[in-house]
Engineer: 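Have a look at this one.
Per chain, numbering begins at 1; letters A, B, ... match sequence-line order.
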Amino acid sequence: MLNVENIRQDFPMLQGKMMQQHPLIYLDNGATTLKPRAVIDAVVKYYEEYGANAHRGDYDLSYFVDQEYQQTREDVAAFLHAESEEIVYTSGATAGLNMVAYGIGERLLQEGDIVLSSEAEHASCVLPWMRVATKCHASLAYIPLQEDGRIDMDMLEQMMNERVKVIALAHIGNVLGYIAPMKEICALAHRYGAIVVVDAAQSAPHMPIDVKDMDCDFLAFSAHKMCGPTGVGILYGKKALLAQMEPMLLGGDSNARFDVCGNIQLKDAPYKFESGTQPIEGIFGLHAAIRYLQAIGMKEIHRYEQQLHAYAVARLKQMDNIILYNENNDTGIITFNVKGVFAQDAATFFNANGIAVRSGQHCAKLLNEVLQTSATIRASLYFYNTKEEIDRFLAVCANATMETCLDVFF
Amino acid sequence: MLNVENIRQDFPMLQGKMMQQHPLIYLDNGATTLKPRAVIDAVVKYYEEYGANAHRGDYDLSYFVDQEYQQTREDVAAFLHAESEEIVYTSGATAGLNMVAYGIGERLLQEGDIVLSSEAEHASCVLPWMRVATKCHASLAYIPLQEDGRIDMDMLEQMMNERVKVIALAHIGNVLGYIAPMKEICALAHRYGAIVVVDAAQSAPHMPIDVKDMDCDFLAFSAHKMCGPTGVGILYGKKALLAQMEPMLLGGDSNARFDVCGNIQLKDAPYKFESGTQPIEGIFGLHAAIRYLQAIGMKEIHRYEQQLHAYAVARLKQMDNIILYNENNDTGIITFNVKGVFAQDAATFFNANGIAVRSGQHCAKLLNEVLQTSATIRASLYFYNTKEEIDRFLAVCANATMETCLDVFF
Amino acid sequence: MNNFMNDPMMLRSIIMDHYEYPRNHELKKEDGYLQKHMASESCIDDIYVQSKITDGIIEDIRFDGVACTISTSSTSIMSELLQGKTIDEAKKIIANYYQMIDGKDFDENVLQEAIAFHNVGKQANRIKCATIGWKAMEELIEESEAKK
Amino acid sequence: MNNFMNDPMMLRSIIMDHYEYPRNHELKKEDGYLQKHMASESCIDDIYVQSKITDGIIEDIRFDGVACTISTSSTSIMSELLQGKTIDEAKKIIANYYQMIDGKDFDENVLQEAIAFHNVGKQANRIKCATIGWKAMEELIEESEAKK
Ligand SMILES: Cc1ncc(COP(=O)(O)O)c(C=O)c1O
Ligand SMILES: Cc1ncc(COP(=O)(O)O)c(C=O)c1O
């Protein structure tokens with residue numbers, strides 16, 4: 001069992017931090033997460049004890065950086081059940097997802113081919129494919145959602161054919177928080193020769209991931225949504241696909257050599273994708289974050305968040321002033337509105353009560369055509385949130401009306 | 001005048017840090033630089049006091065992050081004498097240079113057009129153009145170097161014609177450390193309608209930059225070579241060019257909206273280039289770094305490094321066992337070899353004496369065809385290096401032979 | 001400071017009134033209107049503001065779009081307040097409004113109902129909502145001046 | 001530990017001798033040679049190693065390329081040492097060499113001149129140079145086995 005009180009001790013932001021004269025309750029974990037001491041220390045350790053750049057170091061400091069760099073890659077691989085050559089450092093999920101569309105999209109797509117995605121996707125998952133599909137005269141089609149917002153698997157099966165070359169989907173959607181049946185989707189895709197690109201920005205931080213079992217072709221996520229630094233992320237790719245994929249960035253360190261005739265000999269994957277100085281302290285911090293999460297246990301994290309979520313949802317459902325959009329989801333994402341109050345105004349009411357939630361279209365702008373609302377509020381949980389925080393959140397929900405939401409401005 | 005002893009107090013890595021039982025002398029500043037306390041504190045402050053993601057924050061923490069984000073952009077603009085809408089956050093110089101080649105290369109280059117660069121360039125400056133030139137059936141031509149390795153301006157004038165659409169060059173080369181006459185180059189380029197893309201990775205950290213006076217079209221650099229964090233950099237671009245340029249990354253935050261028909265409405269520059277979560281603590285750290293450098297003064301930094309360099313070079317020239325490749329350069333980059341000793345072996349000898357230098361082709365692999373050697377050693381100075389450190393470095397140089405270089409292995 | 005500035009009930013009812021019944025809330029297709037789209041910086045607010053300015057007089061202000069309570073009501077109030085004013089009068093009112101938002105001294109009399117937003121800075125992240133329509137109008141005035 | 005392992009002069013002269021006069025330092029164009037290019041991980045060392053392996057016997061080892069003292073000499077020594085050995089003998093020697101490099105127990109007798117590198121770990125960043133040729137050879141042996 002997860003000892004939340006102990007865990008909270010690890011987070012400086014959870015040590016009495018106030019917001020608008022209330023103790024901070026941070027429920028915007030879908031946007032980014034707070035950092036434990038171990039991660040902060042790892043970053044500071046790089047600054048204070050290593051300082052050097054990685055790769056080709058001809059002195060001890062640089063060598064130590066190289067070692068940590070490589071060890072992190074191996075530990076990330078273990079975290080995902082992958083091989084270390086399949087792990088590419090990126091600047092984040094957005095970069096990783098773009099790298100795939102750029103690097104393999106044009107090789108896979110011919111005129112008339114199809115990329116499948118859904119209307120619930122984050123812009124970073126769908127827009128890169130929108131562009132490359134247009135460029136290749138292929139098309140992007142959306143797998144319909146069920147009424148509750150989940151991917152409709154029957155529709156997906158019907159949409160599959162030999163022209164479908166790519167399926168790009170979130171493992172957990174950032175607006176509604178459903179877990180997509182990725183293993184099933186991958187099996188289906190592979191039957192038709194399509195590849196599956198998994199946006200794991202919201203799943204890798206919250207549940208165990210086994211890329212071998214899932215059998216996905218690519219999978220991308222960001223460190224900052226899993227207690228790590230911003231500016232660093234991971235792209236997993238199957239070896240054979242990484243070998244075919246063209247790097248989006250060219251530059252120092254990714255090439256073995258090049259000559260005046262324009263011949264560029266790239267290194268093997270993953271190095272060919274890592275041009276230029278990498279986010280070194282970010283990688284140190286990511287390493288610490290992964291160790292920290294593993295020490296707690298990804299299964300335990302997932303289970304705890306589900307419990308907290310179930311607790312919150314049971315009570316929210318009873319509130320007349322709350323519209324809940326995803327009561328049956330599988331994760332810690334609660335998407336709702338206060339009746340009659342524009343989402344952003346309601347979010348401000350939470351702010352005035354010390355609670356950090358996010359309003360907006362959450363960058364899944366297409367989804368609003370399904371939800372029939374231009375904006376929602378999202379409260380997204382993480383393992384350091386407590387039942388007491390949820391109680392406080394529920395009390396504020398219960399109290400939210402047009403009047404109370406406006407009163408915070410006076 | 002620069003008070004180096006005081007300055008050194010600001011750097012944890014300079015507080016008694018040892019390497020191979022000798023006090024560390026860090027002369028690999030061309031690769032990356034050490035971080036002052038103020039930068040470390042700024043990064044930690046983000047982790048401990050803000051924690052939130054930027055943009056569209058509906059609560060105070062996120063708003064504060066937004067404010068710092070914007071203030072940094074303005075201060076970076078002031079640092080470069082630019083406007084804040086001309087400042088794009090990137091993940092580093094390599095990303096910035098690739099973004100330009102990707103985003104504007106295909107629009108500028110037609111079959112038969114020419115991109116000019118030089119054989120002294122860093123891979124990150126030249127490879128992106130090599131690729132886009134090939135793609136557009138344009139060609140990449142190299143401006144010849146003078147015997148000492150500087151750009152030959154007469155040759156450049158001769159090479160200019162209406163087919164030249166782009167000149168991509170380092171402001172200061174990372175191997176030989178000459179300052180290119182960028183203002184002259186820009187004026188010449190503009191007479192023929194070409195744009196100039198300046199790789200300022202080695203100049204922005206070491207001298208004042210005025211993009212308006214220089215009149216360059218794009219200019220890119222990394223924070224980590226100027227006392228800031230890794231994983232963050234700046235791309236400056238003229239407003240009209242940024243407006244034409246296509247973003248390399250698509251995703252969250254860069255688009256104002258998109259719909260199922262595939263229409264993407266991008267935000268204006270610089271935001272359209274900033275998809276996905278940005279390196280937030282990196283930006284906080286970059287801000288602190290720029291303030292730190294400005295408090296010392298970029299002119300003073302440049303002058304001090306030149307003095308230190310002149311002091312070192314005068315003595316190195318008298319050593320029979322040292323081949324110096326760039327005695328007349330204008331910056332703190334000293335490129336040399338120990339006679340009869342392979343560069344990497346000599347670098348290890350420096351390491352064994354506590355001195356961090358870099359051997360190799362410094363990623364400017366083409367240059368070796370000019371220098372006539374497959375590898376060199378580079379000692380690169382920064383404002384926190386002292387005359388005493390140089391003396392120690394010189395003593396080790398004087399003592400370097402095949403025998404002493406091998407003895408460190410026993 | 002005038003009393004009603006400190007009466008939350010009163011201020012709230014001004015805002016709610018303008019949110020529920022926004023004035024001038026329909027765009028015109030006629031000639032003579034300048035138009036500004038304000039959307040790029042924010043993920044939610046997405047409004048269009050139009051104005052017809054003739055001979056230095058603001059003859060009409062119109063707006064429409066998806067927006068929160070604060071931006072809808074502040075734009076609605078602005079559209080009433082500046083209508084019929086000369087450019088110079090309007091500029092003075094706009095300047096006063098920004099002064100108020102920034103927590104500086106301002107002239108209550110010229111702002112009228114717009115003083116409902118005098119404390120919006122308590123929720124600093126909403127300042128952009130309280131000013132989005134005003135910014136649009138400011139730019140339209142500049143544009144009309146540039147045209148001359 | 002044998003005496004000459006602690007005699008820097010002696011060890012140095014072994015390394016210099018192999019650096020200045022590398023053995024088997026010419027690639028062959030004949031059939032029957034497997035070849036490995038080692039370059040991708042390092043910016044400087046860029047070597048080719050060839051081996052002819054017939055019926056489990058290492059008949060020849062060749063190498064060439066741009067490389068530092070440590071990689072040139074360690075590869076040269078390896079090429080002499082493993083020549084004529086059976087695959088099994090070679091594997092044992094290679095394993096011993098790695099043990100030595102890692103600072104673990106090893107059998108000096110099978111390593112002969114290669115013990116010149118027994119302290120290379122003092123300069124940890126050069127371990128890759130002292131092993132690059134050995135790694136190549138290890139891979140060539142694997143390849144030859146896979147072929148059967
Ligand atoms: C001249 C030059 N350009 C570009 C770069 C690339 O910078 P980064 O590795 O930070 O992307 C470097 C640094 O190695 C450099 O020295
Ligand atoms: C589902 C999903 N995909 C992609 C992203 C993009 O991640 P990042 O902003 O770290 O690049 C996010 C985060 O906002 C997300 O929630």
Side-chain angles (χ1 to χ4, degrees), chain A residues 12-13 19-20 31-32 34-35 40 43-44 47-48 51-53 56 58-61 91-92 94-95 98 122-124 127-128 130-131 134 140 142 222 224 229-232 249-252 255 257-258 260 262 264 275-277 279-282 344 347-348 351 356 358-360 363 365-366, chain B residues 12-13 19-20 31-32 34-35 40 43-44 47-48 51-53 56 58-61 91-92 94-95 98 122-124 127-128 130-131 134 140 142 222 224 229-232 249-252 255 257-258 260 262 264 275-277 279-282 344 347-348 351 356 358-360 363 365-366:
Chain A
M13 286 286 293
M19 192 165 76
Q20 297 254 337
T32 198
L34 307 178
K35 315 306 173 206
I40 304 172
V43 169
V44 169
Y47 292 141
E48 297 192 347
N53 208 326
R56 293 177 295 117
D58 295 301
Y59 49 91
D60 288 1
L61 291 177
S91 61
T94 297
N98 274 274
H122 190 278
S124 298
L127 290 188
M130 205 180 256
R131 172 162 68 185
T134 306
L140 178 66
Y142 296 95
S222 293
H224 71 93
T230 64
V232 58
L249 299 181
L250 294 178
N255 60 95
R257 52 214 61 232
F258 61 89
V260 280
I264 307 174
S275 281
T277 301
I280 303 173
E281 63 268 39
Q344 204 173 357
T348 298
N351 177 56
R358 182 150 296 236
S359 75
C363 294
K365 305 192 180 198
L366 297 171
Chain B
M13 286 286 293
M19 191 164 75
Q20 297 255 335
T32 198
L34 306 178
K35 315 304 174 210
I40 303 173
V43 169
V44 170
Y47 292 141
E48 297 191 346
N53 208 328
R56 294 177 294 117
D58 296 300
Y59 48 91
D60 288 1
L61 291 176
S91 60
T94 298
N98 274 276
H122 191 279
S124 298
L127 290 188
M130 204 180 257
R131 171 161 69 185
T134 306
L140 178 66
Y142 296 94
S222 292
H224 71 93
T230 64
V232 57
L249 299 182
L250 294 178
N255 60 95
R257 53 213 62 230
F258 60 90
V260 281
I264 307 174
S275 281
T277 301
I280 304 173
E281 63 268 39
Q344 203 173 357
T348 297
N351 176 56
R358 182 149 295 235
S359 76
C363 295
K365 306 194 179 198
L366 297 170

Engineer: For Met19(B), is it the side chain, the backbone, both, or neither that has a heavy atom closer than 4.5 Å to a heavy atom of chain A?
Structural biologist: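 For Met19(B), side-chain heavy atoms alone lie under 4.5 Å from chain A.
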Engineer: Could you tell me the separation between the CD atom of Glu281(B) and the NZ atom of Lys35(A), rounded to the nearest 0.5 Å?
Structural biologist: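 Rounded to the nearest 0.5 Å, the CD-NZ separation comes to 6.5 Å.
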Engineer: Do Asn351(A) and Asp58(B) have a side chain donor and acceptor closer than 3.5 Å?
Structural biologist: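 Side chains of Asn351(A) and Asp58(B): no pair found under 3.5 Å.
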Engineer: Which atoms of Val232(B) are under 4.5 Å from chain A, going by heavy atoms: the side chain, the backbone, both sets, or neither?
Structural biologist: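 When you check distances to chain A, no heavy atom of Val232(B) falls under 4.5 Å.
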Engineer: Side-chain contact test, heavy atoms from C-beta onward, threshold under 4.5 Å: evaluate it for Val43(A) versus Val43(B) and give yes or no.
Structural biologist: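 In short, these two side chains touch, coming nearer than 4.5 Å.
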Engineer: Would you say the side-chain atoms of Ser124(A) pair up with the backbone N or O of Gly276(B), donor to acceptor, closer than 3.5 Å?
Structural biologist: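 Not confirmed, Ser124(A) side chain does not pair with Gly276(B) backbone.
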Engineer: Indicate yes or no for a side-chain donor-acceptor contact from Ser91(B) to the backbone of Ser91(A) under 3.5 Å, with no hydrogens or angles considered.
Structural biologist: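 No: the side chain of Ser91(B) does not pair with the backbone of Ser91(A).
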Engineer: For Arg131(B) versus Leu249(A), what's the shortest heavy-atom pair and its separation?
Structural biologist: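 Here Arg131(B) and Leu249(A) meet closest at NH2-N, 4.2 Å.
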Engineer: So, for Met13(A) and Glu48(B), which heavy atoms are closest and what is the spacing to 0.1 Å?
Structural biologist: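 Of all heavy-atom pairs spanning Met13(A) and Glu48(B), the closest is SD-O, 3.1 Å.
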Engineer: Heavy atoms only, distances under 4.5 angstrom: which of Pro279(A), Ala95(A), Pro128(A), Gly92(A) has the most pairs with chain B? Name it, please.
Structural biologist: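 Option with the greatest count: Pro279(A).
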Engineer: Counting heavy-atom pairs under 4.5 Å with chain B, which one of Ala52(A), Ser222(A), Pro229(A) comes out on top?
Structural biologist: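 Sorted descending by pairs with chain B, the first entry is Pro229(A).
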Engineer: Applying the side-chain contact (heavy atoms from CB on, under 4.5 Å) test to Ser275(B), which of Asn98(A), Thr94(A), Leu127(A) qualifies?
Structural biologist: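 When side-chain contact (heavy atoms from CB on, under 4.5 Å) is applied between Ser275(B) and each of Asn98(A), Thr94(A), Leu127(A), only Thr94(A) qualifies.
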Engineer: So Asn53(A) and Arg358(B), do their side chains get closer than 4.5 Å, heavy atoms only?
Structural biologist: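 With C-beta onward as the side chain, the pair touches.
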Engineer: For a quick test of reading the model, state the closest non-hydrogen atom pair linking Val44(A) to Ile40(B) and the distance between them.
Structural biologist: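 In terms of heavy atoms, the two residues are closest at CG2-CG2, 4.1 Å.
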